[in-house]
Amino acid sequence: MLKRYWNRGKKQKFIIILLGLILFCALFILRDDYQPFLLFLRKYLFVLVLFGVILFFGMRWFRKTASTGKKLLRGVVTLASVALIYVFFFSIGMYEYMQTYNVFNNMNLQEIAELPLSRNERIQPYNNIRTMAYESITETKEVSPPQLVRVDDRNQWTMAVQPSKDYFIQRTKDNIEELFSVSSTSPSPRFSKENRIPATFSIGESLAFSRNTYNAVVQRFNPWQLFNYEPHEAYYMKNDDGHWVQVVSLIKWKGFFFPYPTFGGVMVLETGEHDFNDYLERLLIGKGTFIPAEDVQKYPYLTRQNTLSEKVSRIQAKSMMFLGGFTDPLPWNKKTAVKIPDLKEDQNQQPFVTDFKFEGTANNAYDGLYHWFGLEPIGKDRTGLSISVFIPADGSDNVFYYDHVSKKEGLAGVSAMPAKVMESRKNYDWTVNKPVEFRPFVRDIAGKRRLFMLCTIAAKRENSDQFDGGSTPDLALVDVSYKDVVWIDAKHPSKWNEEIVNQLGETWKITENLTDDVVFPNRTKPEFEVIKDSVRQSKNSNTKDSISQ
């Protein structure tokens, strides 16, 4: 039909060429709109090909049959085969099972013999930071999701103050004009002038059309990347020149049979105004500088940093269920299979980005930010801590884990923590207060490296889905070995060790047969003065006098 229309004359040829150019331009310019479909094909290509082969041979088998009854039977068999594969892969979950197994096989796992020390503990939980940020902005603004990153060798919560998604006009014409950067170790972070960073970005997560972060990054992809990469989380940090940049974490899909997500590097977006030249660049070739995963370590500001997508780290942690073998997570085994415990009341689930010091623990590990997971047995009633997983937050290859079960430590897991905290303070109104974000607190205390869970008490107003940010929250530490709770002062982190020893020291001393010098090394010993008995002294002197006489 198209050929006949082409041969009818010059006018028809011009129309076909014009329509072809329009279609080509639309496919080129709108590639960010249909890229999710390309990713879908990439992720499920094997299954789609399998379905196609079954349908192709099923239809041939169907057409070669003359009998109506046999045709009906063969048609039913073909459709049943497709349905059976769908149920097996997706309803039962074998597709995700095989995908997770591929992740496990391609991880560079390293078991460590000792837990790393935690440091620079963050005080406020994620949702408190987000709530306090919203208390400091106007109606037409919103903040991007807070991210814990390293800024000038300090751990900071950073987020962009961007046009609200409820105001379309602002999303199309306004820029991002400032960032929030507040200390993660402060019990009372301030969102005032000194923590408001003037920085202009023409690209943002809430902005519309080609100015949207997702759209701008996808437009930057080459044809191969359109099928294999997807942008995920955005982080705001300083580059090696001291300038603020927006770093977008990329997910790369690998493999043909059951593709799985990996760290794919980052796309770096620099500051700049929104103008006509910027518009043409975004529309035609997108925005950003692509840094592949293998080159990330060449940039100091991206090392020991938090740029790994939590979507990737969660499936890596989940794949630890195969530590006992391919069949161990199946219903009739589950001897060592583990899961990520997601607490219903906790609005920010694992991983928790934590600063660890690995010195002396693993030779090829850096000191800095990691995604931490506390894995537990698969069973609903099993709440013990099985494995601690430390995934480098900068996307480095190595994944470190500490096996608590094999060492027979008998520790309580994250799922058991809320009840222990609530039981320790019965005078709290726990209907509106919740202990949230149980993250690791590791210290060398009383001659031993000890693991605690640090949590923050967050308040939730009635008929509200969000936690409210407290200026100085209450903190609790749970000794996962002794299951005891220590309430600590958020404003004096330097005294936390002392508070722990004051409450638990005597218990450790008796249970572990420790000496006072080990448990209380800083306690001064009292000086005993010998006081002579005056009566006995008088008797002795009288005896001496009688003998002399």
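Side chains are part of it too, since the values below use all heavy atoms of this structure and drop only hydrogens, waters and symmetry mates. We're numbering straight along the sequence, starting at 1.
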With a 4.0 Å cut-off, would you call [X] and [Y] a salt bridge?
X      : Y      : result
Arg42  : Glu230 : no
Glu121 : Arg443 : yes
Arg450 : Asp479 : no
Glu409 : Lys407 : no
Asp342 : Arg314 : yes

Verify the ring-centre separation between [Y] and [X]: is it less than 6.0 angstrom?
X      : Y      : result
Phe258 : Tyr95  : yes
Phe290 : Trp224 : no
Phe88  : Tyr97  : no
His371 : Phe373 : no

Compute whether any side-chain donor of one residue and acceptor of the other, for Arg119 and Thr185, lie under 3.5 angstrom apart.
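No pair is found: no donor N or O on one side chain lies under 3.5 Å from an acceptor on the other.
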Ring geometry between Phe89 and Phe46 (parallel below 30°, tilted from 30 to 60°, perpendicular above 60°)
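Phe46 vs Phe89 ring planes: tilted.
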Taking the inter-plane angle between the rings of Tyr101 and Phe326 on a 0 to 90° scale, is it parallel (under 30°), tilted (30 to 60°) or perpendicular (over 60°)?
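Because their plane-to-plane angle is over 60°, the rings of Tyr101 and Phe326 count as perpendicular.
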Where do Pro36 and Asp32 come nearest, in terms of heavy atoms and distance?
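Where Pro36 meets Asp32 most closely, the heavy atoms are CD-O, 3.8 Å.
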